[in-house]
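Down below is the structure, laid out as C-alpha cells.
Letters go in sequence order (proteins before strands), and every chain restarts at 1.
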Number of protein chains: 2
Amino acid sequence: MTVESVPTAPRMKAADRRELILEAATAVFGAKTYVGTTTDEVARAAGVSQPYVVRLFGTKEKLFIEVIERTYDRMIGVFRAALPGTPEGRGDRMGTAYTELLVERGMLPVVANSTALGGEPQIGRVARAGFSRIWRFLREEAEFSPEQAREFIATGMLINTIVGLRLTGDYGDEVSATEVLDACFPDAVQQVRTLLPAADEPW
Amino acid sequence: MTVESVPTAPRMKAADRRELILEAATAVFGAKTYVGTTTDEVARAAGVSQPYVVRLFGTKEKLFIEVIERTYDRMIGVFRAALPGTPEGRGDRMGTAYTELLVERGMLPVVANSTALGGEPQIGRVARAGFSRIWRFLREEAEFSPEQAREFIATGMLINTIVGLRLTGDYGDEVSATEVLDACFPDAVQQVRTLLPAADEPW
DNA sequence: TTGACATGTTATCAGTCGATTACTACAGTT
DNA sequence: AACTGTAGTAATCGACTGATAACATGTCAA
C-alpha cells in the first residue's frame with residue numbers, strides 16, 4: 001500500500017523532452033496524416049500528457065512544422081554522409097541512404113504528407129522550403145544535373161507511395177506489387193519488406 | 001414580398017445528383033485532403049445540404065471511396081485514349097494525358113492523398129486496387145516494360161508532389177521550383193502554370 | 001533552508017463534425 | 001384527383017479535439 005507512485009513522466013530537461021516528443025510525433029503523423037492525428041495520440045506515444053505537448057509547441061500546427069523541418073534536416077544529413085566515395089556510385093549510395101530512412105518511423109510518410117499541404121499557409125511554406133533545400137543540395141553539393149535530380153526525387157516519391165499504400169504486404173501475392181517492388185529495389189526487396197508494416201498493422 | 005423562393009436545390013434525378021456531388025467532392029477532397037474535408041464543405045460545393053450527402057453515400061468514407069474509384073476509372077480512360085498512334089510516341093502521349101488531368105479539379109491530389117492512406121482498412125484496399133489497375137494497364141495494354149512502368153509512375157508521383165506543394169507559384173522566383181518545373185514539363189511549363197492555383201488560392 | 005523557476009498534471013471548455021430523425025414537396029401513374 | 005415513391009431540407013445530437021487554466025512537484029543557486 002505505498003502511497004507515492006506518481007503517474008507523472010520522469011523529469012527530463014525540456015530540450016530532451018522536446019526531441020522525444022518530436023520523434024514520437026513523426027511516427028504518429030506519418031502513420032495517420034497531419035489532420036488525422038490528435039495531439040493526445042502524440043502525447044501518449046511520447047508518454048506525457050496532452051496539454052504538455054500543446055504547451056511545449058504552442059499549437060498542433062507548430063508541432064507539425066517542427067516535425068517537417070527536423071525530417072528534412074535528417075534527410076539532408078544522411079544524403080551528405082553518402083557523398084564521399086566514387087562519383088559514379090554517388091546516386092546509388094544516396095538512394096540506399098533514402099531507403100534506410102525507412103527505419104526512422106514516419107519520416108518518409110511525413111515528407112509525403114507535407115507535400116500534399118501546399119495550400120496551407122504556414123505548413124505549405126515550410127514544405128516548399130524543405131523541397132527547395134533538397135533540390136539545391138542535389139544540384140549543388142551532389143552535383144546532379146537537373147535531369148538526374150528530377151529522376152532521383154521522382155523515385156523517392158514513388159517509394160513514398162509504396163510505403164503509404166503498404167504495398168509490401170502484397171509482394172508475392174499481387175503481380176503489380178511484386179513487379180513494382182522488384183523494379184524499385186532490385187537488390188533490397190527482402191530488406192525493405194522487413195522494415196515495413198503490413199496493411200493492417202498499426203506501425 | 002413573395003413567399004415562395006424555396007431554398008431547395010432544383011430537383012434532379014438521384015444518379016445525376018450523385019455524379020454532381022462526386023465531382024464537387026473530388027475538388028474539395030483534393031484541395032483539403034480526406035480527413036481535412038467536412039461533408040458540409042462537399043455539400044456546399046455541390047449546392048445541396050450536408051445530410052443529403054450523407055444519405056446518398058452512407059458515410060464520408062464511402063463517399064471518398066467512390067471518389068477514388070471514379071478518379072482511377074477516369075485516369076485509365078484517358079490513358080487508353082492515348083494508346084493509338086506510333087508506338088514510340090506512346091509514352092509521351094500518355095504523359096500529356098496525365099498532365100491534362102490537371103484541368104479536372106482535385107483528381108491528381110486525390111490520387112496522391114489516397115496513396116497515403118494505405119493503413120486505413122477500407123480506403124487502403126481501394127487505393128491499392130487502383131494502383132494495381134494502373135500498373136497492369138501499363139504492363140499489359142500499353143506494353144510497358146517494368147522499368148518503363150516504374151519510370152512513368154514515378155514521374156506521375158513527382159507531378160502530384162509539384163501540384164500538392166503549389167510549386168508553380170514559385171516559378172521564376174525560386175531556382176529549385178523553376179528547374180524542377182522545367183525538367184518535368186520541358187514543353188508545357190506555361191500551360192501547366194495556368195492550370196494550377198497559386199499557393200494561397202483556395203482552388 | 002528556502003525561494004524561485006522549470007517540469008509536469010488534472011480538470012474543463014468551446015467549437016466542430018458526421019450522422020440521425022423527422023419533416024416537406026415535387027413528379028409520375030392510374 | 002388522389003396515391004405513392006423520390007428528392008430534398010431543418011433541427012439536433014453525441015463524440016471528439018485543441019486549447020486554456022489552475023494546480024502540483026521536483027531542482028538548484030544563494
Side-chain angles (χ1 to χ4, degrees), chain A residues 2-25 28-29 31-68 113 117 120-123, chain B residues 2-25 28-29 31-68 113 117 120-123:
Chain A
T2 53
V3 187
E4 32 34 270
S5 85
V6 190
T8 286
R11 280 248 165 172
M12 198 178 287
K13 290 213 280 186
D16 295 337
R17 185 69 78 186
R18 280 178 68 91
E19 176 57 27
L20 195 153
I21 293 176
L22 283 171
E23 185 181 335
V28 183
F29 280 131
K32 314 200 40 171
T33 81
Y34 168 59
V35 196
T37 295
T38 68
T39 54
D40 190 56
E41 290 171 313
V42 173
R44 288 173 195 274
V48 296
S49 66
Q50 178 264 339
Y52 195 46
V53 170
V54 174
R55 189 152 91 182
L56 278 185
F57 292 91
T59 66
K60 175 182 163 182
E61 186 180 43
K62 288 180 183 173
L63 167 62
F64 187 58
I65 284 176
E66 287 206 40
V67 165
I68 296 174
N113 193 207
L117 300 175
E120 300 290 314
Q122 309 297 329
I123 296 175
Chain B
T2 53
V3 187
E4 31 35 87
S5 85
V6 190
T8 286
R11 280 247 166 171
M12 197 178 289
K13 289 213 281 186
D16 296 336
R17 186 66 79 186
R18 280 179 67 91
E19 177 57 27
L20 196 153
I21 293 176
L22 283 172
E23 185 181 334
V28 183
F29 280 131
K32 314 199 40 171
T33 80
Y34 168 60
V35 197
T37 295
T38 69
T39 54
D40 190 58
E41 290 171 312
V42 172
R44 287 174 196 273
V48 295
S49 66
Q50 178 264 341
Y52 195 45
V53 170
V54 174
R55 188 149 94 182
L56 278 185
F57 293 91
T59 66
K60 175 182 164 182
E61 186 180 44
K62 288 180 183 173
L63 167 62
F64 187 59
I65 283 175
E66 287 206 40
V67 165
I68 296 174
N113 193 207
L117 300 175
E120 300 290 313
Q122 310 297 328
I123 297 175

[X] has an atom [atom1]; how far is it from atom [atom2] of [N], in whole Å?
X      : N       : atom1 : atom2 : answer
R11(B) : dT9(D)  : CZ    : C1'   : 11 Å
F29(A) : dG18(D) : CZ    : P     : 9 Å
L56(B) : dT6(D)  : CG    : C1'   : 11 Å
F57(B) : dA7(D)  : CZ    : P     : 13 Å
D40(B) : dT12(D) : CG    : P     : 17 Å
M12(B) : dA27(C) : CE    : C1'   : 15 Å
R44(B) : dA10(D) : CZ    : C1'   : 14 Å
L63(A) : dG18(D) : CG    : C1'   : 12 Å

Tell me whether the OP1 or OP2 atom of [N] has a side-chain N or O from [X] closer than 4.0 Å.
X      : N       : result
Y52(A) : dG8(C)  : yes
T39(B) : dC17(C) : no
R17(B) : dA7(D)  : no

Does [X] reach the side chain of [Y], with side-chain heavy atoms less than 4.5 Å apart?
X      : Y       : answer
F64(B) : L117(B) : yes
I21(B) : V48(B)  : yes
L22(B) : L63(B)  : yes

Task: Residue whose nearest DNA chain C nucleotide is more 5′ - T38(B) or G47(A) - done: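 Looking at the nearest nucleotide for each, G47(A) comes out on the 5' side.
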Task: Over 12 foreign heavy atoms within 6.0 Å of CZ, R44(A) - done: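 12 or below, so no.
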Task: Sugar-phosphate, base or nothing in reach of S49(B), heavy atoms under 4.0 Å - done: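 It contacts base atoms.
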Open item on the list: Does R55(B) reach a base, just sugar-phosphate, or nothing at all? Heavy atoms under 4.0 Å.
Closed with: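 Base: the residue R55(B), judged by heavy atoms under 4.0 Å, touches a nucleobase.
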- [ ] Looking only at side-chain atoms of K13(A), point me to the closest of dA7(D), dT17(D), dT7(C).
- [x]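 Looking only at heavy atoms from C-beta outward on K13(A), the closest nucleotide is dT7(C).
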Open item on the list: For Y34(A), is there any backbone N or O sitting under 3.5 Å from a side-chain donor or acceptor partner on K60(A)?
Closed with: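 A pair under 3.5 Å: yes.
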Open item on the list: On DNA chain D, does the nearest nucleotide to Q50(B) precede the nearest nucleotide to T59(A) from the 5' side, or the other way round? Give the residue.
Closed with: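 Nearest nucleotide further toward 5': that of Q50(B).
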